[in-house]
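For clarity, every value in this text was computed on a predicted model and none was experimentally measured.
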Amino acid sequence: MDVSIEGQQMAVQPGASCADALGLALSKKKAKQVLACRCGEALLDLTTTVPEGCAELVPVYEDSDEGVHLLRHSAAHIMATAVKRLYPDAKVTIGPAIDSGFYYDFDYVRPFTPEDLQAIEAEMAKVVAEDAPFERSVMSAAEATKFFADQGETYKAEIIADLGAETVSIYKNGSFTDLCRGPHIPSTGRLKAFKLTSVAGAYWRGDEKNRMLQRIYGTAFADEKALKKHLQRIEEAKKRDHRKLGTQLDLFSISEEAGPGMIIWHPKGALVRTILEDFERKEHLKRGYEIVQGPQILRQDLWERSGHYENYRENMYFTQIDDQAYGVKPMNCLSHMLIYKSRVRSYRDLPQRYFELGVVHRHEKSGVLHGLLRVRQFTQDDAHILCRPDQLQEEIIGIIQFVGDVMGLFGFEFELELSTRPEKSIGSDEDWERATAALEHALKTVGLPYDINEGDGAFYGPKIDIKLRDALERSWQCATIQCDFTLPERFDLVYIGDDGERHRPVMLHRVILGSVERFIGALIEHFAGAFPTWLAPVQARLLTVTDAQNEFAAKALAALKARGIRAEADVRNEKLGYKVREAQMDKIPYILVIGDKEVEAQGLNVRLRTGENLGLKPVEEVAGLIVADCQEPFKRGGMSYSFAAS
RNA sequence: GCCCACGUAGCUCAGUAGGUAGAGCACAUCCUUGGUAAGGAUGAGGUCAUCGGUUCAAAUCCGAUCGUGGGCUCCA
């Protein structure tokens with residue numbers, strides 16, 4: 001039969017293996033770099049017979065994304081091989097390749113220590129040196145169950161039972177045999193560069209009711225160079241960590257004395273927040289929202305009525321005032337409901353868009369707290385939109401555009417997810433379908449790509465989530481848009497329609513930044529601490545060469561401040577190089593040097609934090625430069641904004 | 001909440017056989033007035049997270065608690 005391989009038509013003998021077939025077309029050198037191959041969607045081992053009717057065989061090279069993925073999957077097997085040799089009583093469970101490497105979960109009587117990891121890594125090197133082939137075979141489910149059960153591998157037996165398939169494939173490399181769909185690299189010797197990175201606990205099947213297993217993480221690459229590069233990249237990313245930069249730039253702190261998950265904003269960080277919030281308030285007003293504000297604690301009865309007491313109690317804080325039970329708000333919706341209810345609403349009044357920078361408290365489990373990204377008290381840029389069903393579509397589109405404009409302002413790339421009805425949910429099928437269709441249609445209208453997260457919606461309605469990634473590629477939810485039928489029902493919200501009858505409005509919960517804390521954390525990492533000029537707590541610092549320029553420095557400083565620029569002067573008795581270094585490390589956008597030449601010319605010597613030097617310019621010109629720089633990012637979204645502290 | 005690791009000066013970290021603590025930066029004082037990433041000298045600063053135990057003696061060994069980090073579960 002004729003098979004196309006990298007553009008060449010090859011006559012392949014029936015029954016030939018993929019390796020044989022590829023060998024016809026590829027040079028020896030290239031063939032050596034092939035780990036597996038693909039026929040259509042199917043990934044195949046090189047030992048597999050070329051499937052009948054296969055028109056094209058695509059080699060999977062070790063340095064391709066697919067190849068590295070394969071390498072990592074096989075590395076997981078090799079790790080399990082080593083673990084079983086060193087700790088025969090350990091039971092194997094699952095071990096997939098993941099974005100950054102691979103892991104394997106084991107059930108063992110004691111936790112693995114860092115020393116164990118070293119030993120396992122050394123044993124893996126031996127397994128690799130043995131260069132044993134990965135051999136695939138197929139067994140009936142019953143046979144396989146017995147095979148694994150006989151070895152005490154109860155988890156594998158459980159997995160086979162759950163698969164419900166008649167036959168399963170297994171892979172053997174040397175002494176170790178594992179249940180696996182495959183494919184795998186030809187032999188263990190093909191694993192050239194790997195490293196075990198950490199041990200962690202992980203629940204069997206990700207359920208906290210199950211036994212906790214020992215998960216060993218590792219990573220693998222096509223060669224040592226790529227591995228080294230990866231490890232270096234992680235080191236670099238750690239320098240962008242917002243927790244580190246938060247301390248270095250004196251933005252915020254978290255004090256053990258004050259309590260975990262509570263952010264203490266220092267002057268510079270609080271200023272960044274203030275500017276961001278000021279921008280948001282103005283932008284919301286422009287987009288037809290009204291600013292509202294509710295109390296921090298509300299009576300418990302109200303939380304019972306909303307369903308929060310029943311569904312969200314473990315995350316809430318409660319208190320008692322004059323024998324009355326109160327709940328500290330974990331969400332802002334309740335007072336917004338009450339505002340709507342405070343008078344009769346006409347269909348002409350809708351949509352009502354209530355915006356609140358609301359401070360919420362949530363009792364998060366201690367193990368999940370993470371710098372600014374996961375805290376117990378945070379501020380949401382929250383809004384609730386109450387509208388007629390026929391307005392739903394347009395409102396959702398407006399929100400998605402809002403999110404797009406704001407993310408574009410910061411140059412954030414984000415991922416969109418549409419989450420549909422979960423198993424445990426309330427409301428009619430009709431409502432769910434309509435709301436999901438509205439969300440999906442809106443996504444299509446704005447033309448942004450999105451993933452569907454089947455069954456991951458809130459219990460009261462479907463939602464769109466917007467996720468950003470941190471320096472270490474972990475993804476964090478920021479913006480979210482949620483449809484809700486329950487609250488309008490529970491609070492009996494109505495409007496009078498043009499027919500004079502009472503109708504139920506539809507409600508949207510939405511945040512744009514999500515949490516101000518989390519968003520600033522993401523911003524710090526995104527910009528590596530170098531905030532865009534409009535957000536930078538200090539926009540310009542004047543550096544004098546000697547104290548002979550102090551007088552002019554004061555004059556120039558006043559001139560910049562008069563233009564609303566956040567500037568300060570460094571007139572300390574230090575060398576210029578020292579002051580430049582410090583300003584540079586403080587990531588100040590404009591470093592303005594004043595020596596005798598500048599005094600004489602009544603100008604400033606402009607150095608950017610990139611190291612670029614713009615030379616000597618009149619003070620007014622520099623001010624104009626900085627002011628224009630602040631405007632720049634807003635042009636993209638057709639927005640405008642200015643924050644002037646003075 | 002669960003698993004593992006960690007907690008020494010404001011920050012970054014030494015402290016390797018248990019014998020009452022060190023460096024660099026930052027800070028203070030003095031000298032130095034020096035053009036684009038660190039000038040010099042001197043000084044101050046720590047109940048070694050907290051509590052308890054073992055020991056003649058604990059930063060060091062053991063336990064508990066609190067906190068942090070990496071994961072799991074959960075979520076803005």
[atom1] atoms of [N] and [M], separation to the nearest Å:
N     : M     : atom1 : result
B:G7  : B:A41 : P     : 33 Å
B:G53 : B:U60 : C1'   : 15 Å
B:G15 : B:G24 : C1'   : 15 Å
B:U16 : B:C62 : P     : 15 Å
B:C30 : B:G70 : C1'   : 48 Å
B:G19 : B:U65 : P     : 29 Å
B:C13 : B:A59 : C1'   : 15 Å
B:C61 : B:U55 : C1'   : 10 Å

A:L251 to A:L245 - nearest heavy-atom pair and separation
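Closest approach of A:L251 to A:L245, heavy atoms only: CD1-O, 4.5 Å.
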Among [options], which nucleotide has an atom closest to any side-chain atom of [X]?
X      : options             : answer
A:K575 : B:U68, B:G34, B:G70 : B:G34
A:K463 : B:U36, B:A37, B:A76 : B:A76
A:S366 : B:C11, B:G70, B:G1  : B:G1
A:T480 : B:A76, B:A37, B:G67 : B:A76
A:H370 : B:A37, B:G71, B:G70 : B:G70
A:D596 : B:G1, B:C3, B:G35   : B:G35
A:P111 : B:C3, B:A76, B:A37  : B:C3
A:D547 : B:U36, B:G70, B:U33 : B:U33
A:R607 : B:A37, B:A76, B:G35 : B:A37
A:R215 : B:C3, B:C72, B:G1   : B:C72

Among residues 515-526 of chain A, which contact RNA chain B at a heavy-atom distance under 4.0 Å?
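Contacting residues: A:S515, A:R518.
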Can you tell me the pairing partner of [N] across any strand shown, Watson-Crick or G-U wobble, with both distances under 3.5 angstrom?
N     : answer
B:C25 : B:G10
B:C75 : none
B:U55 : none
B:G45 : none
B:G18 : none
B:U68 : B:A5

OP1 or OP2 of [N] sitting under 4.0 Å from any side-chain N/O of [X]?
X      : N     : answer
A:R474 : B:G70 : yes
A:Y217 : B:C72 : yes
A:Q477 : B:A76 : yes

Any A:D107 side-chain heavy atom under 4.5 Å of A:Q214 side chain
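No. Closest side-chain heavy atoms not under 4.5 Å.
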Mind checking whether A:E314 and A:H363 have side chains closer than 4.5 Å, heavy atoms only?
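They are not in contact (no side-chain heavy atoms under 4.5 Å apart), so the answer is no.
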Looking across every strand, which nucleic acid part, if any, lies under 4.0 Å from [X] by heavy atom: base, sugar-phosphate, or nothing?
X      : value
A:E582 : nothing
A:N613 : base
A:R510 : nothing
A:N315 : nothing
A:G577 : sugar-phosphate
A:K597 : base
A:V368 : base
A:R362 : base
A:V375 : base
A:L543 : nothing
A:G206 : sugar-phosphate

Measure the distance between the ring centre of A:Y578 and the centre of the six-membered base ring of B:A37, then answer whether it is under 5.5 Å with planes under 30°.
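Stacking between A:Y578 and B:A37: absent.
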Is any N or O donor-acceptor pair between the side chain of [X] and the base of [N] shorter than 3.5 Å?
X      : N     : value
A:R374 : B:C74 : yes
A:Y203 : B:G71 : no
A:Q482 : B:A76 : no
A:E598 : B:G35 : yes

Does A:E236 pair with A:R233 as a salt bridge, N-O distance under 4.0 Å?
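Salt bridge between A:E236 and A:R233, a charged N being under 4.0 Å from a carboxylate O: no.
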A:K463 bridged to A:D465 by N-O distance under 4.0 Å
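A:D465 and A:K463: salt-bridged.
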Are A:Y104 and A:F102, when compared by the centres of their aromatic rings, separated by less than 6.0 Å?
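Between A:Y104 and A:F102, the centre distance exceeds or equals 6.0 Å.
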Starting from the 5' end of RNA chain B, give me the residue, A:T113 or A:D456, whose nearest nucleotide shows up first.
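Final value for this comparison: A:T113.
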Start at the 5' end of RNA chain B and walk down; is the nucleotide closest to A:N605 or to A:R243 reached first?
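The residue mapped nearer the 5' terminus is A:N605.
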Test A:F112 against A:L86 for side-chain contact (heavy atoms from CB on, under 4.5 Å), laying out the working first.
CA-CA 11 Å; A:F112 293 117; A:L86 297 171; over 6 Å; no
Examine distances only and state if a side-chain atom of [X] and a backbone atom of [Y] form a donor-acceptor pair shorter than 3.5 Å.
X      : Y      : value
A:Q380 : A:G358 : no
A:D586 : A:I588 : no
A:R281 : A:I291 : no

Is the positively charged end of A:R469 above the ring of A:F414, judged by distance under 6.0 angstrom from the centroid and angle within 45° of the axis?
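Cation-pi check for A:R469 and A:F414: fails.
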Between atom CD1 in A:I254 and atom P in B:G67, what is the gap in whole Å?
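Rounded to whole Å, this separation is 12 Å.
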Would you give me the side-chain donor-acceptor pairs under 3.5 Å for residues 510-523 of chain A, sequence neighbours excluded?
unit_1: A:R510; atom_1: NH1; unit_2: A:H284; atom_2: NE2; d: 3.0
unit_1: A:R510; atom_1: NH1; unit_2: A:Y289; atom_2: OH; d: 3.2
unit_1: A:R510; atom_1: NH2; unit_2: A:H284; atom_2: NE2; d: 3.0
unit_1: A:R510; atom_1: NH2; unit_2: A:D381; atom_2: O; d: 2.9
unit_1: A:S515; atom_1: OG; unit_2: A:E517; atom_2: N; d: 3.2
unit_1: A:S515; atom_1: OG; unit_2: A:R518; atom_2: N; d: 2.9
unit_1: A:E517; atom_1: OE1; unit_2: A:T379; atom_2: N; d: 2.8
unit_1: A:E517; atom_1: OE2; unit_2: A:R273; atom_2: NH1; d: 2.9
unit_1: A:R518; atom_1: NE; unit_2: A:L373; atom_2: O; d: 2.8
unit_1: A:R518; atom_1: NH1; unit_2: A:Q477; atom_2: O; d: 2.6
unit_1: A:R518; atom_1: NH2; unit_2: A:L373; atom_2: O; d: 3.0

